[in-house]
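Note: hydrogens, waters and symmetry copies are ignored here, and every other heavy atom, side chains too, is used.
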Amino acid sequence: VGGGPNVTVDIPASGDQSRTVPVGIYNVSYNPPGNHRLASGSTPPTTVTISEGETTTVGLTLEALGTLQVNVTGLTGSPANGGNASAQRTGVAPVTIPVSSAGSGAAIIPIGAYAVTYTPPTGFNTATTNPLPGVDVAYATASPASFGVTAVSSTNVGTIHVTITG
């Protein structure tokens, strides 16, 4: 701060690093390494004050990331889209993954085991296990979740109408 030189401290994805610097106030910024992001609620301070003879600690929490690759087979005709999938892990908000009409979609998400639920587009029914429990998203790789669909026939269909009174 105040026109002083930038101080760079290279930090591994797990661990710590220190650097001796002159007393003063320093701006802080942090860029996580590839395939990582700051965990929810983990934010570096804007500035830190370095006092003589003291150590100032900045603690951050990272999440390792992987890719959940959703693959859908059986989409025929020209659907407007391929539906969507929802990936749910305990303690984390669900992630919605749009699926293209070609049958693929992907999201970069924290590693771990997810239950993946697929919602097909109008005119299709899921023909495979749904949801898929225990889909393991691994670090820095594409982890597949595959579903199959069948087209709903325009013949041999009817309508159910439910009325609830109370």
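Note that the CG atom of N84 and the OG1 atom of T119 stand 5.0 Å from one another [nearest 0.5 Å].
Taking both residues in full, the closest heavy atoms of P121 and G83 are given as CD-N, 3.7 Å, listed atom of the first, atom of the second, then distance. P32 and L38 make their closest contact through CG-N, 4.1 Å (heavy atoms, listed as atom of the first residue, atom of the second, distance). For the pair G105 and Q69, the tightest heavy-atom approach, listed with the atom from each and the gap, is O-NE2, 3.2 Å. For the residue pair Y139 and G34, the shortest heavy atom distance occurs at OH-O, 3.9 Å. When every heavy atom of Y118 is checked against every heavy atom of N130, the shortest pair comes out as O-ND2, 2.7 Å. The shortest non-hydrogen separation linking L68 to A145 is CD1-CB, 4.0 Å.
A donor-acceptor contact shorter than 3.5 Å links the side chain of S100 to the backbone of A102. Remark: the backbone N or O of F147 is not paired with any side-chain donor or acceptor of T128 at under 3.5 angstrom. In this structure, S143 contributes its side chain and D136 its backbone to a donor-acceptor pair below 3.5 Å.
In this structure, N81 and V99 have side chains that are not in contact, with every pair of non-hydrogen atoms separated by 4.5 Å or more. Residues P110 and R37 are in side-chain contact: their nearest non-hydrogen atoms beyond the backbone lie under 4.5 Å apart.
Hydrophobic clustering places V9 together with I50 (ILVMFWY residues linked when any side-chain heavy atoms are closer than 4.5 Å, directly or through intermediates). Side-chain heavy atoms closer than 4.5 Å link hydrophobic residues (I, L, V, M, F, W, Y) into clusters, and following such links, even through other members, never connects V92 to I111. A continuous path of Ile, Leu, Val, Met, Phe, Trp and Tyr side chains, each step under 4.5 Å between heavy atoms, connects V58 with Y26, placing both in one hydrophobic cluster. Tracing side-chain contacts under 4.5 Å through hydrophobic residues (I, L, V, M, F, W, Y), one never reaches I108 starting from I97; they form parts of separate clusters. At a threshold of 4.5 Å between side-chain heavy atoms, the hydrophobic network of Ile, Leu, Val, Met, Phe, Trp and Tyr places L65 and L62 in two separate groups.
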Evaluation steps, side chain to side chain contact (heavy atoms under 4.5 Å, CB included), between V149 and L75: CA-CA 7 Å; V149 297; L75 292 169; 3.7 Å; yes
Please report the C-alpha distance between D10 and T8 in whole Å, then the side-chain angles of each, then the deciding distance to 0.1 Å, and finally whether the side chain to side chain contact (heavy atoms under 4.5 Å, CB included) criterion is met. CA-CA 6 Å; D10 292 321; T8 300; 3.8 Å; yes
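Under the ring-ring contact (aromatic ring centres under 6.0 Å, His included) criterion, Y114 pairs with no residue, sequence neighbours left out.
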